[in-house]
Student: 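One structure is given below, represented as structure tokens, and several questions about it will come after.
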Amino acid sequence: MEKAIPEVTLNDGTKLPVTGLGTYGLWGNAGANAVSSGINAGYRLIDTAYNYENEGAVGEGIKRSGVSREDLWITSKLPGRYHTYDKAMVAIQESLYRSKLDYFDLYLIHWPMPNQDVYVEAWQALIDAKKWGLIRSIGVSNFLPEHLERIIQETGVTPSLNQVELHPFFNQEEQRSVHKNLNIQTESWSPIAKAADIMSNETISKIAGVHHKTIAQVVLRWQYQIGSVSIPRSISPQRQRENLAIFDFALSDAEMTAIAELSRPDGRLFDMDPATHEEF
């Protein structure tokens, strides 16, 4: 197993590994095996969601890994159709039943869906679920600054983390600045962007050659150095191990700047703007 992964301390005192395993699209037996191999490679943070429809596979992968539950950080997320308080509470319970877990280490509202305007009610449900021991730490996903400010103002509780789309082509510099000011940890989904775009990028390829690392390793190291927790997805045991081997080198200031300059205003991968996107 690789060396222990560094951790960050969230605003509620919870510690979280700086990189984890994304599980979108990992279903059934193959999904459970991928989670198990990831844990055995050294991952301790596993990211799933109600809408991924694989919380059961994640739970089975945890079981197969043989690693103690107490040594893992498991994240899941609340879907948009369950934003009302009572439905949110039931959905959290259902997610735990599916995954055969007694609690989640981190639970997020998946999308704010401001057109529906129920995300404050959903946030209150997460606050209470934490009080009742169903969740250790509560956060959000894809929340813009105005959404963050509203839930904080109306409930008095600041999310511990906001998981957002963040990669070299969309580096979320302004959003990260807001997170820093609010003491909210940034977490990146699709941290390596689309493989075809990244693998053909000359800037990152040259940096990878200098360090004798893969392009994915350079991008994940960049994520680490900007202070974001990343959750790369891989079903391959070899790539899972490679994606963890990012703590034995460092990018220079010039290399960090070169990667930062790849970002563009229209850099979202799937045109999923949290101001308008709805995912029920």
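Note that the coordinates shown come from a computational prediction; the quantities given were computed from them, not determined experimentally.
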Student: Backbone N or O of Gly139 within a donor-acceptor pair of the Trp123 side chain at under 3.5 Å?
Tutor: no
Student: Is there a donor-acceptor contact under 3.5 Å linking the side chains of Glu55 and Ser95?
Tutor: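 Yes - a donor-acceptor pair under 3.5 Å links their side chains.
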Student: Give the intermediate values and the outcome of side-chain contact (heavy atoms from CB on, under 4.5 Å) for residues Ile92 and Leu126.
Tutor: CA-CA 9 Å; Ile92 293 166; Leu126 266 62; 4.1 Å; yes
Student: Hey, does the side chain of Thr14 reach the backbone of Leu10 with a donor-acceptor pair shorter than 3.5 angstrom?
Tutor: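 No, because the side chain of Thr14 does not come within donor-acceptor range (under 3.5 Å) of the backbone of Leu10.
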Student: Closer than 3.5 angstrom, by distance alone: can the side chain of Glu165 be matched with the main-chain N or O of Phe170 as a donor-acceptor pair?
Tutor: no
Student: Can you find a side-chain donor-acceptor pair between Ser230 and Ser188 that sits under 3.5 Å?
Tutor: no
Student: Just jot down the ring-ring contact (aromatic ring centres under 6.0 Å, His included) partners of Tyr52, sequence neighbours excluded, or say none.
Tutor: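 Here the qualifying residues are Tyr24, His110.
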Student: What I want to check is whether the side chains of His211 and Glu255 have a donor and an acceptor closer together than 3.5 Å.
Tutor: yes
Student: Look at Lys15 together with Asp105 and state whether they make a salt bridge at an N to O cut-off of under 4.0 Å.
Tutor: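 Salt bridge absent between Lys15 and Asp105.
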Student: Quick one: do the Glu242 and Gln217 side chains pair a donor with an acceptor below 3.5 Å?
Tutor: no
Student: Looking at Arg69 and Asp102, is there a salt bridge between them, counting it only when a charged N and a carboxylate O are closer than 4.0 Å?
Tutor: no
Student: What distance separates Leu161 CG from Tyr107 OH, expressed to the nearest 0.5 Å?
Tutor: 15.0 Å
Student: Short question: side chain of Glu149, backbone of Glu146 - any donor-acceptor pair under 3.5 Å?
Tutor: no
Student: Does the Lys NZ or Arg CZ of Arg264 fall within the cation-pi geometry relative to Phe169 - under 6.0 Å from the ring centre and within 45° of the axis?
Tutor: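 Output yes; distance and angle both within limits.
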Student: Please determine whether side-chain contact (heavy atoms from CB on, under 4.5 Å) holds for the pair Gln240 and Leu21, giving the CA-CA distance in whole Å, both sets of side-chain angles, and the decisive distance to 0.1 Å.
Tutor: CA-CA 8 Å; Gln240 288 174 344; Leu21 181 69; 4.1 Å; yes
Student: Which of these, Gln153, Glu154, His147, sits in a side-chain hydrogen bond (donor to acceptor under 3.5 Å, both in side chains) with Arg150?
Tutor: Glu154
Student: What heavy-atom pair brings Asn115 and Thr276 nearest, and what distance separates the two atoms?
Tutor: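 Answer, listing the atom of Asn115 first, then Thr276: ND2-O, 4.0 Å.
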Student: Are the charged groups of Arg64 and Glu60 less than 4.0 angstrom apart, N to O?
Tutor: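 Answer for the salt bridge query: yes.
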Student: What's the spacing between Ile246 CD1 and Gln225 CD if we round to 0.5 Å?
Tutor: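 These two atoms lie 9.0 Å from each other.
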Student: Checking Gln238 against Ser236: is there a side-chain donor and acceptor pair closer than 3.5 Å?
Tutor: no
Student: How close do Gln223 and Leu166 get, counting heavy atoms only, and between which atoms?
Tutor: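 Between these two residues, the closest heavy atoms are NE2-O, 2.9 Å.
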Student: Hey, are Arg81 and Asn51 close enough side-chain-wise for a donor-acceptor pair under 3.5 Å?
Tutor: yes
Student: Backbone N or O of Val8 within a donor-acceptor pair of the Gln185 side chain at under 3.5 Å?
Tutor: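 Answer holds: no.
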Student: So how far is it from Ser65 OG to Asn33 CG, rounded to the nearest 0.5 Å?
Tutor: 11.5 Å
Student: Testing the basics here: between Ser263 and Asn171, what is the closest heavy-atom pair and its distance to 0.1 Å?
Tutor: OG-N, 3.0 Å
Student: Counting N and O atoms only, with roles assigned by atom type, does the side chain of Asn142 sit under 3.5 Å from a partner on the main chain of Val164, one being a donor and the other an acceptor?
Tutor: no
Student: Do Phe104 and Leu96 have side-chain heavy atoms sitting under 4.5 Å apart?
Tutor: yes
Student: Quick one: pull up CD1 in Ile259 and CZ in Arg221 and give me the separation to the nearest 0.5 Å.
Tutor: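 It is 11.0 Å, given to the nearest 0.5 Å.
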Student: Output yes when a side-chain donor or acceptor of Asn162 lies under 3.5 Å from a complementary backbone atom of Phe143, and no otherwise.
Tutor: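 Answer holds: yes.
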Student: Using only atom types and a distance under 3.5 Å, with no angle test, would you say the side chain of Ser190 pairs donor to acceptor with the backbone of Ala193?
Tutor: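 No, Ser190 side chain to Ala193 backbone: no donor-acceptor pair under 3.5 Å.
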Student: Assess the side chains of Asp47 and Trp189: does a donor N or O sit below 3.5 Å from an acceptor N or O?
Tutor: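 There is no such pair between these side chains.
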Student: If the threshold is 4.0 Å, N to carboxylate O, is there a salt bridge linking Lys130 and Asp12?
Tutor: yes
Student: Looking at Tyr103 and Arg136, what are the two nearest heavy atoms and their distance?
Tutor: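 For Tyr103 versus Arg136, the nearest heavy atoms are CE1-CD, 3.5 Å.
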Student: Return the minimal non-hydrogen interatomic distance between Leu26 and Ala57, and the atom names on each side.
Tutor: O-CB, 4.2 Å
Student: Keeping to residues at least two apart or across chains, list the salt bridge (charged side-chain N to carboxylate O under 4.0 Å, His left out) pairs with something in residues 193-213.
Tutor: Lys213-Asp248
Student: Is it true that the side chains of Ser76 and Thr48 contain a donor and an acceptor less than 3.5 Å apart?
Tutor: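 Note: Ser76 and Thr48 side chains miss the donor-acceptor criterion.
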Student: Leu72 and Tyr43: which non-hydrogen atoms are nearest, and at how many Å?
Tutor: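 In terms of heavy atoms, the two residues are closest at CD2-O, 4.3 Å.
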Student: Are Ile231 and Ile5 co-members of a hydrophobic cluster defined by side-chain heavy atoms under 4.5 Å apart?
Tutor: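 Linked, Ile5 and Ile231 end up in one cluster.
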Student: Measuring centre to centre across the rings, with the benzene-like ring taken for any Trp, is Tyr50 within less than 6.0 Å of Tyr82?
Tutor: yes
